[in-house]
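What follows is a set of notes on a single structure, which appears directly below.
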Amino acid sequence: MAPNATRRSERSHRAILDAALELVAEVGYPKLTIEAIATRAGVGKQTIYRWWPSKAAVLLDAFVALGERAAREAEGPESGEAHAFPDTGDLEADLKLVLRATVDELRSPTYDVPYRALAAEGIVNPEIAAEFASRVLEPSLQLYVERLRAAQRAGQVAADLDPRIALELVTAPVTARWLLRTLPLSHAYADAVVEMALRGLSPR
């Protein structure tokens, strides 16, 4: 029977993404090369260049795939709702739950190293920055927007607040502390950020 070219291609694609994540954790982004990824994945360099123009593009796809796999595992095979933001009716509790999960993710070496690499690459590479924002950041931020709009309808936050600015009051302090390594990240810090932000968002 002739080999299944599509299945072989999918295996190679997955091997390349896995290799990129493994290597960036082992050697760091500056030393990551297409050659090393190809060797680890057991493919030729031209196979990689046929699908991606640079190591940054490979790593971005690998990071997106990592997040998608984690989401599927968390949701389970029976879940039909991807990346759901909790809505228990208690905005403070819901925000704390999500921000604590963000803290856990940022402290995990699995996410920390490739996330930092892509954030650094985005400073000098506008195309990667734009793609990272649209594929990684925006889907999550839109969930905050939807949850805050639900809170507005319920009268839990000011009716005239801008949800995009509001979500940045919650997420930006955690991101800044993680990115700049100024102070440790913790669940207690995440809770304090939510509490302080909500005091400013509450209707007067």
Side-chain angles (χ1 to χ4, degrees), residues 10 12-43 45-75 82-83 85 98-145 164-165 167-186 189-190 193:
E10 290 173 353
S12 296
H13 193 276
R14 174 68 179 270
I16 291 165
L17 298 184
D18 289 345
L21 290 172
E22 292 168 5
L23 285 167
V24 77
E26 293 172 15
V27 304
Y29 185 68
K31 294 182 179 179
L32 181 68
T33 64
I34 292 292
E35 290 80 0
I37 295 172
T39 299
R40 176 68 61 92
V43 302
K45 285 194 303 180
Q46 291 309 311
T47 298
I48 297 180
Y49 282 120
R50 187 165 63 246
W51 289 328
W52 296 279
S54 66
K55 68 176 186 179
V58 178
L59 187 60
L60 178 57
D61 273 4
F63 190 75
V64 170
L66 175 66
E68 290 173 347
R69 287 201 299 270
R72 286 194 299 270
E73 291 168 3
E75 292 153 11
H83 307 289
F85 199 112
V98 172
L99 206 59
R100 282 182 172 213
T102 299
V103 166
D104 290 340
E105 183 175 289
L106 293 175
R107 292 191 304 188
S108 166
T110 302
Y111 290 92
D112 177 88
V113 176
Y115 199 157
R116 287 185 184 279
L118 290 165
E121 178 68 19
I123 294 173
V124 297
N125 187 331
E127 291 183 4
I128 288 294
E131 195 170 353
F132 184 78
S134 66
R135 297 177 64 191
V136 177
L137 299 180
E138 278 302 317
S140 297
L141 296 180
Q142 278 303 122
L143 295 178
Y144 274 94
V145 168
R164 290 298 300 226
I165 296 175
L167 73 86
E168 289 169 0
L169 293 176
V170 175
T171 61
V174 168
T175 303
R177 182 175 284 204
W178 165 76
L179 187 61
L180 301 176
R181 306 180 195 268
T182 50
L183 289 169
L185 281 180
S186 67
Y189 175 68
V193 168

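Quick note: numbers below take in every heavy atom, side chains included, and nothing from hydrogens, waters or symmetry partners. By convention here, the first residue in the shown sequence is residue 1.
For the residue pair P139 and A133, the shortest heavy atom distance occurs at CD-O, 4.4 Å. Annotation for V24 and V113: closest pair O-CG1, 3.4 Å, computed over non-hydrogen atoms. Of all the heavy atoms in I37 and I48, the pair that sits closest is CG2-CD1, 3.7 Å.
Between the side chain of K55 and the backbone N or O of Y29, at least one donor-acceptor pair lies under 3.5 Å.
Residues meeting the salt bridge (Lys or Arg N to Asp or Glu O under 4.0 Å) test with D104, sequence neighbours left out: R107.
Identified under the ring-ring contact (aromatic ring centres under 6.0 Å, His included) test for residues 98-118, with sequence neighbours left out: F63-Y115, Y115-F132, Y115-W178.
The CG atom of L21 sits 6.5 Å away from atom CG of L59, with the distance rounded to the nearest 0.5 Å. Between Q142 atom CD and L137 atom CG the span is 12.0 Å, to the nearest 0.5 Å. Atom CG of L17 and atom CG of L60 lie 10.0 Å apart (nearest 0.5 Å). One distance of note links OG1 of T175 with CG of L106; it measures 6.5 Å at 0.5 Å rounding. Taking OH of Y189 as the reference point, atom CZ of R177 lies at 4.5 Å (rounded to 0.5 Å). Here the CG-CD1 distance, from L118 to I128, works out to 7.0 Å after rounding to the nearest 0.5 Å.
No salt bridge links D18 with R40; every basic N to acidic carboxylate O contact stays at or beyond 4.0 Å.
Within 6.0 Å of CD on E127 lie no more than 12 heavy atoms contributed by other residues, nucleotides or ligands.
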### Task
Start with the C-alpha distance between R164 and L141, add both sets of side-chain angles, then the distance that settles side-chain contact (heavy atoms from CB on, under 4.5 Å), and finish with yes or no.
CA-CA 8 Å; R164 290 298 300 226; L141 296 180; 3.6 Å; yes

